[in-house]
Protein chains: 2
Amino acid sequence: MARKRSTLKDVAQAVGVHVSTVSRALNPHTRHLITDEIAERIAQASRALDYRPNTAAYSLRTNRTKTVGVVVPDITNSIFPPIIRGVEDALLDKGYATLVVNTDGRREREAVILDALSARGVDGLVVASVQREDAAIGELAGQGVPIVTVNRSVDDPSIASVVSDDAAGIRMMLEHLTSIGHTRIAAIAGDQNLSTGKKRHQAFVLHAAALGLLAGPVRFAGAFNEDDGARCMGELLDGGGRFTAVLCANDRLAIGALGALRARGMRCPQDLSVTGFNDMPMVDRIDPPLTTIRIQQYQVGFMAAGVLLERMNARGEAPPARSVVLPVELIVRGSTAPAAASKPAPRVRSLTR
Amino acid sequence: MARKRSTLKDVAQAVGVHVSTVSRALNPHTRHLITDEIAERIAQASRALDYRPNTAAYSLRTNRTKTVGVVVPDITNSIFPPIIRGVEDALLDKGYATLVVNTDGRREREAVILDALSARGVDGLVVASVQREDAAIGELAGQGVPIVTVNRSVDDPSIASVVSDDAAGIRMMLEHLTSIGHTRIAAIAGDQNLSTGKKRHQAFVLHAAALGLLAGPVRFAGAFNEDDGARCMGELLDGGGRFTAVLCANDRLAIGALGALRARGMRCPQDLSVTGFNDMPMVDRIDPPLTTIRIQQYQVGFMAAGVLLERMNARGEAPPARSVVLPVELIVRGSTAPAAASKPAPRVRSLTR
DNA sequence: CCATAAAATGCAAACGATTGCATGATTGCG
DNA sequence: CGCAATCATGCAATCGTTTGCATTTTATGG
């Protein structure tokens with residue numbers, strides 16, 4: 001970047017030694033091969049000349065790019081930036097740079113994306129956009145590319161992952177709801193092709209039964225977004241089932257659900273309690289503030305980077321896939337209230353159309 | 001990344017030509033030097049072998065990395081992801097990868113960051129974290145590094161920039177407020193070392209005078225965040241000046257201000273109107289929904305990438321610095337109401353402490 | 001049909017680092 | 001004091017591309 005970068009050769013010339021000596025002196029790994037005095041002079045000269053190793057040359061020779069790819073559905077979705085931040089922070093001082101790419105959840109685009117990353121020869125991959133069955137990921141892993149999925153996981157247990165404790169989160173939420181008197185609980189579930197969607201829904205079914213409450217009607221959202229949340233809430237309300245709370249598979253669905261509720265002139269939490277999952281930024285500021293499950297977004301990213309480093313540094317065979325699960329926390333806010341104050345969902349048709 | 005990548009040599013061998021011929025045939029720029037028939041055979045072989053050029057070797061030889069750095073204060077701040085997305089989208093199909101780094105607004109960290117980018121030899125820089133006077137940026141630009149600032153600009157006009165029309169936004173907001181009867185307007189201004197803080201505040205002063213209204217008390221926030229917004233709002237209320245609306249230099253300040261307002265038992269917009277700037281995601285869902293100025297975040301990023309490409313491709317002297325200003329839009333929501341309904345700020349001390 | 005210009009391809013030298021091996025210097029020990 | 005072992009450094013090949021120049025092939029025109 002600077003006008004004229006100095007190279008190993010320049011430093012070697014300045015000190016009067018061979019370039020290989022400089023290389024060794026500057027590499028902590030081979031530093032011990034060099035006499036202290038010479039090494040010191042080299043260190044000084046390298047500082048004086050502001051020497052920076054040429055990444056391209058290093059990569060070409062060693063076949064390591066010191067770059068990792070981070071694949072997310074959409075960086076614009078505020079669940080991901082903290083995760084990315086965690087990954088970057090964990091990797092930066094290890095000398096790794098981070099290439100973030102967006103798939104928009106589209107399969108074809110994912111192919112193009114992975115192509116671009118592959119062409120750049122990233123040393124490893126942190127993937128947040130994975131589905132439960134993911135051929136592309138499986139193939140790459142099979143080829144020996146270090147991979148760790150984050151936030152979501154694939155069903156294949158041989159792929160390392162760092163996720164949040166979805167099941168515990170749902171259980172805690174259900175316990176919270178029952179503790180304030182709710183017994184009829186509906187759900188807006190997420191995409192069952194995603195581990196988060198699947199796990200959360202399974203937990204809902206399982207723990208609802210265990211707690212002896214009536215799992216109410218369930219709608220499955222196609223995507224984890226506000227529009228689908230609104231649509232599902234509309235369908236639930238139109239469906240005529242009886243319930244006093246709606247458990248949503250994530251915050252965005254919950255936000256959409258709240259919108260649909262309001263559009264029909266109903267109030268949360270007076271008429272219906274609504275819960276989310278993730279504790280996205282700002283959900284504490286919306287109306288009503290959302291009761292949700294807080295996941296450790298930054299930590300998840302940070303740990304994923306750690307697991308990835310472990311795999312990238314494993315010289316021989318890949319270490320056994322680690323599956324890290326981080327604890328979650330229940331955050332009670334204004335969108336849930338005692339069931340006593342709630343009326344069952346009305347059976348009336350929606351007002352408009 | 002794949003087990004064993006094929007190289008130019010492999011393709012050359014397969015076709016029975018020299019590697020330089022393959023190189024030329026595959027490069028659109030030199031493609032015309034090669035006989036159509038051979039070129040075609042090379043194209044096929046390269047496809048069959050799934051040949052991908054080695055980025056490291058390319059970079060080493062040409063001294064271009066096909067990588068640009070994007071420097072933001074914090075990717076976690078939801079104003080930036082759409083900008084980054086715009087940059088990435090504009091650059092991806094031109095074959096450029098994007099390295100995003102966070103400075104956290106800290107100067108020392110910025111140095112480290114730029115170091116890391118410099119070491120990686122990025123071809124250009126999109127900088128969103130710039131201050132009005134920025135030595136580091138000026139120096140890099142002086143060294144001939146293609147740079148464009150985004151969202152913010154530096155005072156030095158020789159640095160290219162893509163920003164939103166801050167002045168127009170403030171004018172529109174003031175016009176909106178006066179149109180609904182406000183005449184005494186206070187302000188929470190941003191950091192005057194940032195172009196956005198400075199420009200918006202200048203516009204406030206200028207247009208308030210032009211509209212013949214009473215620019216009320218002003219507080220300067222140190223950072224564009226909720227905490228400082230709350231603090232400033234507190235000071236305004238304690239200050240005892242009279243005003244019916246508070247114009248905040250951005251949404252986060254406004255959100256903090258709303259919090260402080262509520263903490264004192266006052267209501268928005270009944271007691272006081274509050275306005276923001278940027279139209280961040282979710283500000284339409286908070287309570288009350290924020291009246292603000294919508295900036296074209298994605299477009300700003302996209303255009304910045306375009307300007308950068310122009311500079312990176314300029315072989316000889318850098319083209320004259322372009323300064324692009326994108327239009328903004330007034331979004332009226334629930335946080336502003338006619339002044340008639342507002343009572344002047346009370347002169348009482350805050351309730352707690 | 002040959003000389004010559006033009007077009008197509010091959011050759012080889014970079015780019016800047018790493019690293020196995022060779023060599024020269026030093027040390028230790030008998 | 002000499003020989004071997006050890007240590008420090010130098011040598012040179014290598015990674016995969018690009019590209020100026022040399023060389024070969026083809027086309028052109030007299």
Side-chain angles (χ1 to χ4, degrees), chain A residues 1-2 4-43 45-46 49-67 95 118-121 123 315, chain B residues 1-2 4-43 45-46 49-67 95 118-121 123 315:
Chain A
M1 209 154 94
K4 190 70 183 179
R5 292 260 294 272
S6 42
T7 73
L8 275 192
K9 205 199 232 167
D10 299 327
V11 179
Q13 229 144 30
V15 180
V17 296
H18 193 263
V19 13
S20 63
T21 307
V22 179
S23 171
R24 287 190 258 259
L26 260 26
N27 183 337
H29 230 254
T30 47
R31 162 72 182 74
H32 66 277
L33 295 172
I34 306 297
T35 318
D36 282 357
E37 190 240 326
I38 300 222
E40 180 52 33
R41 276 168 52 209
I42 290 180
S46 118
L49 294 175
D50 190 33
Y51 167 76
R52 315 287 186 72
N54 180 313
T55 321
Y58 172 87
S59 297
L60 180 56
R61 181 62 230 254
T62 63
N63 215 27
R64 323 183 80 218
T65 54
K66 288 277 185 174
T67 301
S118 159
R120 281 202 127 71
D123 292 342
R315 303 295 306 153
Chain B
M1 208 153 94
K4 191 69 184 181
R5 291 260 295 271
S6 41
T7 73
L8 275 190
K9 206 198 230 168
D10 299 328
V11 179
Q13 229 144 29
V15 180
V17 296
H18 193 261
V19 11
S20 63
T21 307
V22 179
S23 171
R24 286 191 258 258
L26 259 27
N27 182 337
H29 229 254
T30 47
R31 161 72 180 75
H32 67 277
L33 295 172
I34 307 297
T35 318
D36 281 358
E37 192 239 326
I38 300 224
E40 180 52 32
R41 276 168 51 207
I42 290 180
S46 117
L49 294 176
D50 190 32
Y51 166 77
R52 313 288 185 72
N54 180 313
T55 321
Y58 172 87
S59 296
L60 180 56
R61 181 63 230 254
T62 62
N63 215 28
R64 323 183 79 218
T65 54
K66 288 276 186 176
T67 301
S118 158
R120 281 203 128 71
D123 291 342
R315 303 296 304 153

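Hydrogens, waters and symmetry mates are skipped; everything else that's a heavy atom, side chains included, is used. Below, chain A is the first sequence line, B the second, and so on; all start at residue 1. Predicted, not measured: the structure shown is a model, and the values here were computed from it.
- Remark: B:Asp36 engages B:Arg31 in a salt bridge, criterion side-chain N to carboxylate O under 4.0 Å.
- Across all their heavy atoms, A:Ala45 and A:Val11 have their closest contact at CB-CG1, 4.1 Å.
- Judged by distance alone with a 3.5 Å cut-off, no donor-acceptor contact links the side chain of A:Arg52 to the base of C:dG16.
- Checking D:dT17, C:dC21, C:dG16 against every side-chain atom of B:Tyr51, the shortest atom distance belongs to D:dT17.
- For A:Asn63, the CG atom is loosely surrounded, since the number of other residues' heavy atoms within 6.0 Å does not exceed 12.
- Between A:His18 and D:dT9, a side-chain N or O to OP1/OP2 separation shorter than 4.0 Å is absent.
- Nearest nucleotide to the side chain of B:Asn54, out of C:dG16, D:dG16, D:dT9: D:dG16.
- One N or O donor and one acceptor, one from the side chain of A:Arg24 and one from the base of D:dG10, sit under 3.5 Å apart.
- Atom CZ of A:Arg5 is separated from atom C1' of C:dG16 by 10 Å (rounded to the nearest Å).
- Atom CD of A:Gln13 is separated from atom P of C:dG16 by 12 Å (rounded to the nearest Å).
- When heavy atoms are screened at a 4.0 angstrom cut-off, B:Val19 is found touching base atoms of the nucleic acid.
- Checked by distance alone, B:Ser59 brings no side-chain donor or acceptor within 3.5 Å of a matching partner on the base of C:dC15.
- A straight line from CG of B:Asn27 to P of D:dT17 spans 13 Å, rounded to a whole angstrom.
- Between A:Leu49 atom CG and C:dG16 atom C1' there is a gap of 15 Å when expressed in whole angstrom units.
- Whole-Å rounding puts the A:Leu26 CG to C:dG16 C1' distance at 14 Å.
- Across all strands, A:Thr62 comes closer than 4.0 Å only to sugar-phosphate atoms, never to a base (heavy-atom distances).
- In this structure, CG of A:Leu8 is placed 13 Å from P of D:dG10, rounded to the nearest angstrom.
- Contact check of residues 33-41 of chain B against DNA chain D (heavy atom, cut-off under 4.0 Å) returns no residues at all.
- Residue-to-nucleotide proximity on DNA chain C shows that, of B:His32 and B:Asn63, the 5′-proximal contact is made by B:His32.
- Listed by chain and number, the residues in a side chain to side chain contact (heavy atoms under 4.5 Å, CB included) with A:Arg120 are A:Leu99, B:Thr55, B:Lys66, B:Thr67, B:Ala97 (sequence neighbours excluded).
- Residue A:Leu60 places its side chain closer to C:dG16 than to any other of C:dC11, C:dG16, D:dG10.
- Across every non-hydrogen atom of B:Arg52 and B:Arg5, the tightest pair is O-NH2, 3.6 Å.
- Considering CG of B:Leu8 and OH of B:Tyr51, their distance stands at 3.5 Å, rounded to 0.5 Å.
- Closest approach of B:Leu49 to B:Ala14, counting heavy atoms only: CD1-CB, 4.2 Å.
- Phosphate contact (OP1/OP2 of C:dG10, side-chain N/O of B:Thr21, threshold under 4.0 Å): present.
- Residue B:Ala57 places its side chain closer to D:dT17 than to any other of D:dA12, C:dG16, D:dT17.
- Toward the 5′ end of DNA chain C lies the nearest nucleotide of B:Gly16, the other residue of the pair A:Tyr58 and B:Gly16 mapping further downstream.
- Residues B:Ile42 and B:Val17 approach most closely at CD1-CG2, 4.2 Å, considering heavy atoms.
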